[in-house]
Number of protein chains: 2
Amino acid sequence: MNLKSANGPRRDPHDETRRQILEAAGEVFAEAGFGRATVREICRRAGANIAAVNYHFRDKETLYGEVLRDSQRMAFEKYPPLPGVAADARPEEKLRAFVRSFLLRLFDNGPITRFGRIMSREMVEPTGALDSLLKERLRPMADLLRGIMAEILGRSPDDEQVRLCVFSVVSQCVFYHHCRTMISRLFPEQRLDATMVDRLADHITGFSLAALKHLPEAKKSKSRRSPPATRKH
Amino acid sequence: MNLKSANGPRRDPHDETRRQILEAAGEVFAEAGFGRATVREICRRAGANIAAVNYHFRDKETLYGEVLRDSQRMAFEKYPPLPGVAADARPEEKLRAFVRSFLLRLFDNGPITRFGRIMSREMVEPTGALDSLLKERLRPMADLLRGIMAEILGRSPDDEQVRLCVFSVVSQCVFYHHCRTMISRLFPEQRLDATMVDRLADHITGFSLAALKHLPEAKKSKSRRSPPATRKH
DNA sequence: TGACATGTCAAACAAATGTTTTAATTTCTT
DNA sequence: AAGAAATTAAAACATTTGTTTGACATGTCA
């Protein structure tokens with residue numbers, strides 16, 4: 001009888017091969033994407049046999065799922081959405097922290113970069129591994145930002161303008177990472193790494209807050225929010 | 001001697017197979033990307049033999065290049081960057097037209113959709129076919145928008161803030177198309193098709209112009225820190 | 001008509017890939 | 001230490017892929 005196929009291999013603390021495969025898979029998937037990545041290359045970098053992937057993980061797809069889960073967890077552990085921001089802080093401050101963390105999550109050097117790389121590909125051709133990530137991480141993130149935006153605008157989180165403004169902020173955050181090859185070619189003077197994060201965060205929050213404060217008035221659909229002025233003055 | 005490999009096959013006007021392969025290849029490349037697309041599927045949809053791709057085009061890669069060139073030409077013929085805008089029009093009006101055309105180019109129904117789909121993939125994993133497109137189309141577009149933005153801001157086109165604002169506008173345009181699978185899942189109420197283009201264009205231009213008009217004054221080359229947000233250092 | 005270029009087709013080729021198999025080896029338990 | 005379980009290793013398997021080959025068909029023009 002084959003225990004592996006039923007319960008998977010034992011998770012010994014000294015299971016080194018499995019860990020190294022996960023590490024190597026992170027690199028390869030981030031560089032080549034799921035389709036172009038090969039288990040042979042993963043095993044080569046892990047110093048393991050070709051059969052190791054199918055033994056320690058069920059198949060390539062399951063391995064990919066674990067890689068995505070792992071890199072996502074690392075990224076959000078190091079860069080939570082609102083690091084050290086008081087719950088009652090001004091929404092403008094929350095927005096700035098949110099944008100900064102977002103950018104850092106994408107431009108951090110080291111293994112965390114994988115998360116951004118893999119996510120970029122998931123946007124274009126999503127895999128099944130995206131579903132759980134969406135529920136666990138992305139939806140709470142979206143709700144959080146929607147709440148911040150609603151507070152700044154003095155509107156309901158379900159308002160259409162709030163949703164569009166969420167898009168406007170998020171789009172600026174993902175753009176620099178997602179389109180970085182195009183940016184580098186069209187604007188070689190634009191640096192795109194962790195050292196630029198603060199400057200980019202300054203611009204994005206400055207640009208967005210200027211827009212949010214002076215947006216042309218649109219009809220409020222179902223405004224159920226009382227304090228209309230979180231204004232500074 | 002084989003003339004095909006030297007000069008390519010004759011371009012007879014009644015060369016139907018070649019045209020149908022180009023058409024089918026457009027579909028398949030847009031749906032699956034260069035890597036996942038197979039010449040067998042392309043030939044099947046074109047009703048042609050498997051050898052047809054290598055006969056009429058040199059190989060899969062050359063075919064991809066012609067598809068990209070074709071779809072790009074169609075997209076910009078139907079939606080030029082500034083359709084019917086006078087050269088001396090106000091920059092705000094130019095910006096609105098630019099954004100609208102940008103969105104239409106991505107969300108047009110029909111064969112033009114392919115351009116957006118293929119470009120999305122080129123962002124994540126660029127191929128050699130991107131180079132010529134970049135020089136011919138994208139750089140002029142970028143320069144055009146940079147000029148508009150410089151005029152609105154009253155700054156030099158080479159100013160860093162101008163560049164960052166270009167990014168802020170372009171990012172909002174590409175976002176809805178590039179991240180449409182994510183948007184659909186997180187915000188099912190958000191429609192994403194040609195019927196939404198006008199509304200999206202209104203929001204993007206409104207948001208961006210509000211920001212541009214009320215941007216906090218930045219020095220020419222130094223970043224600024226306005227709010228009392230820094231806690232760590 | 002007959003040579004010739006051009007296009008089409010079925011088949012095969014060569015390389016790559018995920019996975020499985022089967023045996024050897026290591027590790028753990030008793 | 002002995003047997004069982006877990007892990008590793010080499011090889012092979014089954015597909016899929018882009019590409020090529022060689023035969024055949026078709027149209028053109030002397």
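These figures come from a predicted structure and were not determined experimentally. Letters A, B, ... mirror the listed sequences (proteins, then strands); counts begin at 1.
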**Q.** Whether A:Phe187 and B:Phe167 hold their rings parallel, tilted or perpendicular, with breakpoints at 30° and 60°
**A.** perpendicular
Whole-Å distance between [N] [atom2] and [X] [atom1]?
X       : N      : atom1 : atom2 : answer
B:Asp15 : C:dA5  : CG    : P     : 19 Å
A:Tyr55 : C:dT25 : OH    : C1'   : 12 Å
A:Phe29 : C:dT17 : CZ    : P     : 13 Å
A:His56 : D:dT7  : NE2   : C1'   : 6 Å
B:Gln20 : C:dT8  : CD    : C1'   : 13 Å

Q) Considering residues at least two apart in sequence or located in another chain, which fulfil the side chain to side chain contact (heavy atoms under 4.5 Å, CB included) criterion with B:Leu106? A) B:Phe102, B:His177
Q: Name all residues meeting the side chain to side chain contact (heavy atoms under 4.5 Å, CB included) criterion together with B:Pro83; count only those two or more places apart in sequence or in a different chain, and write none if there are none.
A: B:Pro80, B:Ala97, B:Ser101
Q. Under the salt bridge (charged side-chain N to carboxylate O under 4.0 Å, His left out) rule, what pairs show up with a residue in residues 165-190 of chain B, not counting sequence neighbours?
A. A:Asp131-B:Arg185, A:Arg146-B:Glu189, A:Arg163-B:Glu189
Please set out all donor-acceptor pairs under 3.5 angstrom arising from side-chain atoms of residues 32-40 of chain B, sequence neighbours excluded.
unit_1: B:Thr38; atom_1: OG1; unit_2: B:Glu41; atom_2: N; d: 3.0

For a quick test of your reading: what N or O donor-acceptor pairs under 3.5 Å do the side chains of residues 107-117 of chain A make, sequence neighbours left out?
unit_1: A:Asp108; atom_1: OD2; unit_2: A:Lys78; atom_2: NZ; d: 3.1
unit_1: A:Asp108; atom_1: OD2; unit_2: A:Tyr79; atom_2: OH; d: 2.4
unit_1: A:Thr113; atom_1: OG1; unit_2: A:Asp108; atom_2: O; d: 2.6
unit_1: A:Thr113; atom_1: OG1; unit_2: A:Gly110; atom_2: O; d: 2.8
unit_1: A:Arg114; atom_1: NH2; unit_2: A:Glu23; atom_2: OE2; d: 3.0

Q) Quick one: what's the B/S/- string for nucleotides 18-23 of chain C, heavy-atom cutoff under 4.0 Å, read 5' to 3'? A) BBBB--
